[in-house]
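Since the structure comes first, as structure tokens, the remarks are kept for the end.
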Amino acid sequence: MTDQHGELEAALERVIESARTHLAAVRAGDGRIDDDDVWQAYVELNNASSDYDQRLLAAYGEVTPWDVESIDPDEADERFGGAGALADADDPHPRVISVRQRRDYRVPSVAALIRAAEAARREGTPEEDEPAPVEGVGEAVLELLQSGDGSLSALDVPELEPLDGVVMVSEVASPVDLEAFDDDDPVGPFQPTGDDRLIGRLDEHPFVEADEVGQAR
């Protein structure tokens, strides 16, 4: 039992250490997609957790809340769509998927929109600092987007009236190179090329209350 207890403690230490390693890799990755260090750290944390869970079950008949299964590090990329799978020459979809979205809004009150944006800016500014005023509709919309981490859901506010929108999904030969376009270029990053293949289009229409539909009739 003593050896079993020592092995269980060592397994727990591996979980703790691999969790720290995973957190460090995530921080260093800074949101990069398919970061190899993050993936390797994830596999190590997964396997350490699975090992501890099995040892705890064998020693005391108890389990952890972690519902994980061991991952073979040599097969991880193939099983879970990592870099190895993406480089497979037999992949039927080797291209990049591009999602282009446009959504229009009407501004019922510019003053109300600016107030909402300034409130969002104050929430993201340290208390000891005085936030700069929001100047104009464009800056107000950008401020709301930034406060919502870039998600268009941040614009679902009473100060903006949604109009129609559209989402275009295409296969493209290569990802967009933002450095190739000027910051004030409104067309370049969204302009399809001759090699793009449109997969589908989704038209968006604002939600209309039932009583409004009855009035329209």
Side-chain angles (χ1 to χ4, degrees), residues 1-101 103 119-128 143-157 167 169-172 174-176 199-200 202 204 207:
M1 179 64 69
T2 303
D3 291 341
Q4 190 177 46
H5 179 74
E7 292 175 356
L8 186 60
E9 288 287 341
L12 177 58
E13 288 299 322
R14 286 196 296 273
V15 173
I16 296 172
E17 184 60 31
S18 59
R20 291 196 177 103
T21 301
H22 180 257
L23 177 58
V26 169
R27 286 172 171 167
D30 196 26
R32 289 192 298 272
I33 299 176
D34 296 333
D35 186 282
D36 186 63
D37 290 339
V38 173
W39 172 241
Q40 295 300 329
Y42 171 86
V43 172
E44 178 61 29
L45 175 57
N46 177 90
N47 289 350
S49 301
S50 176
D51 179 63
Y52 174 72
D53 188 82
Q54 292 174 10
R55 291 181 183 277
L56 186 65
L57 178 63
Y60 297 104
E62 296 289 344
V63 295
T64 69
W66 312 323
D67 185 14
V68 296
E69 296 181 1
S70 180
I71 300 174
D72 184 342
D74 295 332
E75 299 178 0
D77 286 342
E78 295 181 5
R79 289 177 57 193
F80 293 90
L86 290 176
D88 191 343
D90 296 329
D91 190 339
H93 300 287
R95 298 161 70 89
V96 176
I97 296 298
S98 176
V99 180
R100 298 177 174 94
Q101 181 170 13
R103 185 183 296 174
R121 178 171 290 182
R122 281 194 297 272
E123 290 183 2
T125 303
E127 293 183 359
E128 62 273 14
E143 186 64 39
L144 292 175
L145 285 172
Q146 290 174 351
S147 68
D149 294 330
S151 171
L152 284 180
S153 63
L155 302 182
D156 294 335
V157 295
V167 178
V169 179
S170 305
E171 280 189 353
V172 299
S174 58
V176 63
I199 298 175
L202 175 63
E204 296 181 335
F207 176 78

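Worth saying up front: this structure is predicted, and the values here are computed from it rather than measured. Computed from heavy atoms alone, side chains included, the values below leave out hydrogens, waters and symmetry copies.
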Open item on the list: L152: which residues meet the side chain to side chain contact (heavy atoms under 4.5 Å, CB included) condition with it, sequence neighbours left out?
Closed with: Q101, R103, L145, L155
TODO: Please examine the side chains of L12 and L8, heavy atoms only from C-beta on, and report whether any two atoms are closer than 4.5 Å.
DONE: no
TODO: Could you tell me the separation between the CD1 atom of I97 and the OG atom of S170, rounded to the nearest 0.5 Å?
DONE: 8.0 Å
Task: Closest approach of L144 to A154 (non-hydrogen atoms, all atoms of both residues) - done: O-CB, 3.2 Å
- [ ] Measure across I199 and E171 and return the closest heavy-atom pair with its distance rounded to 0.1 Å.
- [x] CD1-CG, 3.5 Å
Task: Distance, nearest 0.5 Å, that separates NE2 of H22 from CH2 of W39 - done: 9.5 Å
- [ ] Check W66 against V15 and note the closest heavy-atom contact, atom names and distance.
- [x] CH2-CG1, 4.0 Å
Task: Interatomic distance, Y42 atom OH to N47 atom CG [nearest 0.5 angstrom] - done: 9.5 Å
- [ ] Answer yes or no: is there a side-chain heavy-atom contact under 4.5 Å between V63 and L56?
- [x] no
Task: pair I16-E13: side-chain heavy atoms closer than 4.5 Å - done: yes
TODO: With rounding to the nearest 0.5 Å, note down the distance linking OG in S50 to CG in D67.
DONE: 10.0 Å
TODO: With sequence neighbours excluded, tell me which residues meet salt bridge (charged side-chain N to carboxylate O under 4.0 Å, His left out) with D51.
DONE: R14, R55
Task: Distance-minimising heavy-atom pair for S18 and L45 - done: OG-CD1, 3.4 Å
Task: From CD1 (I71) to CD (E44), nearest 0.5 Å - done: 10.5 Å
Open item on the list: Once salt bridge (charged side-chain N to carboxylate O under 4.0 Å, His left out) is applied, do any residues pair with R100, and if so which ones, sequence neighbours excluded?
Closed with: D196
